[in-house]
Amino acid sequence: MASRKEAPSGKSLDSPVRQIQIEGLVRPHHQALQGSEVVQGVLLGLVVEDRLEITNCFPFPQHTEDDADFDEVQYQMEMMRSLRHVNIDHLHVGWYQSTFYGSFVSRALLDSQFSYQHAIEESVVLIYDPIKTAQGSLCLKAYRLTPKLMEICREKDFSADGLKKASVGYENMFEEVPIVIKNSHLINVLLWELEDKSTAADKHELLNLSSSTHLEKSLQMLMDRVDEMSQDIVKYNNYCRSLSKQQQQKHQYIQRRQQENAQRQSRGEPPLPEEDLSKMFKPPQPPPRMDTLLIASQLSTYCQTIKEFTSQNLGKLFMAEALQGTSSYS
Amino acid sequence: MSRFFATGSDSESEESSSADEITPKATGTTFNKPNKEAFTTNLILCCPLRFRFEELTNIIKTIRNAMKIRDMSKCLEEFEQLYRAFLKSKTIVDKEGVPQFYIRLLADLEDYLNQLWEDKEGKKKMNKNNAKALSTLRQKIRKYNKDFETEIASYKEVLNSSTNVISLCRCQDEESESDDDEDSEDWGSDSVDSGGESEDNEGAAASLAVVFLKKYKDGRRKRHKKIEQVEEEVDEDGEAEEGGWEKVKGGVPLVKEKPKMFAKGTEINSAVVIKKLTEILQARGKKGTDRAAQIELLHALSGISNENNLGQGILVKIKFNIIASLYDYNTNLAAFMKPEMWKKCLECIDELLDILFENNNIFIGENIAEDSENLAISDQPFRVRGCILTLVERMDEEFTKIMQNTDPHSQEYVDNLKDEGRVCGIIDRLLQYLESKGSTEEVCRIYLRRIMHTYYKFDYKAHRRSLGLQGETKSEQDQEESEGEDSAIIMDRLCKFIYAKDRTDRIRTCAILCHIYHHALHSRWYQARDLMLMSHLQDNIQHADPPVQILYNRTMVQLGICAFRQGMIKDAHNALLDIQSSGRAKELLGQGLLMRNMQERNAEQEKIEKRRQVPFHMHINLELLECVYLVSAMLLEIPYMAAHEFDARRRMISKQFHHQLRVGERQPLLGPPESMREHVVAASKAMKMGDWRTCHSFIINEKMNSKVWDLFPETQCVREMLVRKIQEESLRTYLFTYSSVYDSISMETLSEMFELELPTVHSIISKMIINEELMASLDQPTQTVVMHRTEPTSLQNMALQLAEKLGGLVENNERVFDLKQGVYGGYFNRGQYLAKIQLFEYLESEGAKKSQY
């Protein structure tokens with residue numbers, strides 16, 4: 001299955017990495033992938049020209065409550081050293097994470113990807129959906145933060161104004177990097193052989209008509225996000241209202257002050273002393289907008305996956321209808 | 001008291017206060033010593049004798065006192081002591097023979113007891129202890145007297161002859177006759193005394209001791225006689241007073257009080273007594289007044305006025321004040337009466353009622369002014385200020401207070417509760433009295449008291465009668481009880497009177513609530529409900545005072561339980577919802593204070609709240625209440641949950657029930673249910689699956705029977721109703737939950753599955769179809785339900801929910817726009833939203849398409 005190649009998109013990206021080439025060997029082969037837990041790991045490889053070649057990976061150890069003092073960095077260094085000993089690429093080029101139904105856009109991902117990209121400019125995050133892959137369509141995507149977002153993250157300015165200035169929207173937070181999967185000949189041979197051997201029934205999974213469970217799950221998650229979004233908006237709304245109210249008060253105050261001063265001046269009295277307005281009218285704490293942005297981004301990813309999924313399924317349904325029609329004629 | 005005996009010597013008197021007054025004795029017995037000096041010569045002979053006999057006579061004296069005040073338990077106690085003392089002096093008795101005074105007491109006591117025994121009326125009035133003592137004493141004395149049969153017989157003979165002697169004497173002395181007449185009842189034994197003595201004297205056959213004692217007694221009497229003689233000259237009334245003196249002297253603790261009351265020789269008439277009364281009353285409420293002493297004083301005063309025949313007016317007045325001062329005894333409002341005070345109070349009220357019933361010409365009322373009272377003049381009707389109703393109401397409150405302050409799980413509580421009968425009796429009597437004499441308002445008030453003592457009691461005899469089991473009453477008492485009026489009729493009569501006549505809103509409200517409660521308690525659901533709805537109490541009960549609100553809560557709860565018994569699950573649930581949802585049922589019903597409120601209220605508030613508590617015997621079982629509520633909620637909620645499984649905004653019918661379910665789910669390990677709640681939760685889970693048999697076994701089993709269901713009077717009916725409800729609701733739940741997997745289902749199968757008759761199944765399903773709860777149609781010829789399958793699938797449901805949520809989101813977003821703060825970051829634009837809308841349209845079309853296959 002890994003033999004399918006993603007066509008590199010022609011769109012040029014203004015980043016040091018334009019394409020990612022993944023060795024067929026690289027597969028996050030976690031046992032835990034079957035479960036619902038999110039697994040993460042380290043990608044190793046090389047940068048060749050504008051191509052990032054990922055040649056190996058290893059997982060982060062699973063965290064348990066018991067060994068809280070486990071040193072992750074130590075483990076990574078140890079691991080990379082060991083790999084170097086067996087003459088494998090040991091350059092740290094990014095990390096990977098599993099996902100379910102496309103839910104991966106989160107604050108944690110943003111933060112860690114930011115720190116990766118901050119330290120190693122070329123690093124990417126690979127998102128891998130084990131469930132979808134099991135259903136017959138490989139779901140492997142590489143993402144990088146856009147330079148604009150990097151800028152914002154560096155400055156840690158998540159206020160509405162900051163985001164506005166940087167003109168960062170949910171759609172240009174992440175950039176997807178095209179992936180090319182390259183296998184060695186040996187593997188290609190093996191795959192051909194496997195395809196030959198596998199019975200027709202094995203391939204039918206792709207034609208499975210039942211879509212409701214997947215859709216239900218996706219919808220459920222979509223709904224949860226929408227709820228969160230709603231809450232955020234209400235919060236923001238409240239903030240805006242209190243801000244404008246205060247501004248009004250401030251305005252009134254200033255006006256009154258000016259009037260009084262004008263009166264005093266006409267009477268020849270000295271004007272009133274200036275007071276610190278910012279102290280008198282402390283602006284309310286603006287709610288962080290980054291979370292909303294992330295939710296929006298997540299929502300759009302969900303919509304994307306659902307769209308993809310349903311368009312595929314609709315095709316299948318039409319196919320089935322046609323089949324049924326012909327069978328009833330015969 | 002004839003002059004004949006005035007010559008008795010006083011040699012025994014310890015105080016020898018009247019020794020100087022001794023006149024030469026008339027009798028010529030050699031052993032009788034006139035004074036102490038003479039007596040000492042005989043000391044060696046007499047000493048042990050005297051000692052023993054003195055002991056006996058002292059006891060006899062107490063017995064006679066006890067007899068006078070009809071204190072049987074005291075009598076019994078003393079009699080036993082006497083018996084022991086007599087055994088001790090056996091040697092002397094052997095030597096000297098049985099002393100005459102001893103025989104005399106035995107004979108008198110027996111007569112007295114027999115007389116009491118015959119007096120059925122009096123016996124009824126006696127309290128339990130006394131009645132018991134009476135029968136024991138009677139048996140004992142009968143047995144004991146057998147040993148002295150001959151002596152007693154001879155004594156009685158003497159008695160008969162002596163009465164002749166007395167009558168002779170009476171002729172001789174006119175003035176002493178009046179005295180005798182007056183006191184003849186009280187002093188019957190005295191004449192016997194004298195008779196005995198005369199016999200002794202005449203026969204001169206008695207032993208030294210007998211005479212000795214006789215003299216002693218006579219001496220005492222003689223002393224008074226002396227005083228009397230002096231006073232006689234002053235006034236005829238003095239004689240009457242003398243009797244009074246004697247009587248007071250009878251009560252041991254009163255001897256000391258005596259000088260305080262009246263100076264010697266004061267003329268005792270109503271004016272004086274009234275003056276004294278006001279004098280005593282003035283001390284009332286003042287600091288340093290001994291309240292106990294005051295009560296004693298008043299008692300003494302009543303005794304005096306009684307003795308002097310000052311008329312019922314004064315007596316009534318004094319009684320009023322005695323009762324009032326009994327109530328006054330506790331200065332603290334929270335403290336409750338001591339048992340002895342309480343007993344006294346009951347007795348007093350009883351006596352007062354006796355007087356009022358006997359004398360029709362006494363008018364009492366709180367509106368009679370102090371100065372327009374008429375206490376003395378007997379030819380006009382008496383007018384006395386005072387309100388017996390208030391006293392009885394106060395008594396009732398005191399009773400409640402006593403019950404509140406007794407540990408409900410002790411024997412003491414049961415004992416106290418036995419007084420309820422007396423309280424009810426008093427209220428009943430007063431009710432009779434007021435019906436003929438009182439004003440409407442007073443009648444209303446006493447009716448309410450009566451209602452308050454009736455409404456919460458389940459009328460078992462009426463219940464039995466309605467079941468047709470009346471003939472099986474076992475004892476006489478049962479028979480007697482079942483002859484009375486049904487409490488339902490009584491309630492109806494009393495309440496209707498109040499509805500018609502009452503002008504204060506509160507009494508009517510209470511009466512209505514009690515009436516509803518009573519109806520509900522006896523399963524007359526429709527009457528109870530109609531009354532509740534007609535009264536419109538639900539609208540304005542929040543303005544009532546807390547006790548009425550508690551009563552209202554109790555009524556609502558009882559109404560709910562009644563509805564449950566009748567199978568009106570929804571009504572039951574609605575009635576109980578308010579009480580149960582607060583989680584403070586205990587507090588709302590006045591059945592206990594909640595601990596968590598301790599810091600929220602101060603000590604004063606707590607006291608007030610404590611005073612509002614309902615006594616334990618009127619409590620409504622809280623577990624029963626909760627169980628009824630939870631089972632009702634289960635029967636309503638489970639089908640509802642099944643029907644609205646995918647509803648985005650489904651309302652909870654019962655929050656508390658959901659809470660219980662959640663608690664059940666949170667259990668890490670689910671064992672077999674233990675508590676009532678766990679049973680209901682387990683049953684609910686079974687019902688969710690449509691498994692009525694398991695549900696049934698969880699709701700109705702040994703444990704639940706003993707905990708809850710057996711508390712109902714008609715247990716069997718309730719259980720049958722419950723089983724049926726469980727079957728029906730399980731069927732509904734089953735159809736809701738599994739209709740999607742059926743194309744069609746035979747009603748016969750359903751009727752077999754749920755053990756319901758076919759018509760019932762038919763009607764349930766029809767109802768569901770009509771209410772559009774079930775998308776199906778009935779196929780008549782095949783008796784099957786054909787499902788339409790038009791309910792949205794879960795996916796479609798979700799899409800709908802999502803659309804709804806997005807609608808909310810857009811609305812919120814537009815509000816942000818409205819504030820015109822500019823567009824931020826462009827994270828939202830119309831296009832995106834439209835894309836989403838398209839998505840849902842697509843989803844729905846796909847769902848519709850899928851349903852075609």
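We name chains A, B, ... by the order of the sequence lines, and we start the count at 1 in each one.
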Undergrad: With a 6.0 Å cut-off (strictly less than), is the heavy-atom count around NZ of A:K217, excluding the residue itself, greater than 12?
TA: no

Undergrad: Working to the nearest 0.5 Å, report the span between CG of A:L219 and CG of B:L800.
TA: 10.5 Å

Undergrad: Against chain B, label A:Q231 side chain, backbone, both or neither, depending on which of its atoms sit under 4.5 Å from a heavy atom there.
TA: neither

Undergrad: Can you name the closest pair of heavy atoms from A:N237 and B:N812 and give their distance?
TA: ND2-O, 3.9 Å

Undergrad: Looking only at non-hydrogen atoms, find the nearest pair between B:G808 and A:S230 and report the distance.
TA: C-OG, 4.4 Å

Undergrad: How many angstroms lie between atom CE of A:M223 and atom CG of B:L806, to the nearest 0.5 angstrom?
TA: 9.5 Å

Undergrad: Crowded around A:H118 NE2? As in, over 12 foreign heavy atoms under 6.0 Å?
TA: no

Undergrad: Hey, what do you get for CE (A:M229) to NZ (B:K805), rounding to the nearest 0.5 Å?
TA: 14.5 Å

Undergrad: Evaluate whether atom CE of B:M689 has more than 12 neighbouring non-hydrogen atoms of other residues, nucleotides or ligands under 6.0 angstrom away.
TA: no

Undergrad: Measuring from A:Q220:CD to B:L802:CG, what's the distance to the nearest 0.5 Å?
TA: 9.5 Å

Undergrad: To the closest 0.5 Å, what do you measure between CD (B:E814) and CD1 (A:I233)?
TA: 10.5 Å

Undergrad: Quick check: are there more than 12 heavy atoms from other residues, nucleotides or ligands sitting under 6.0 Å from CD of A:Q246?
TA: yes

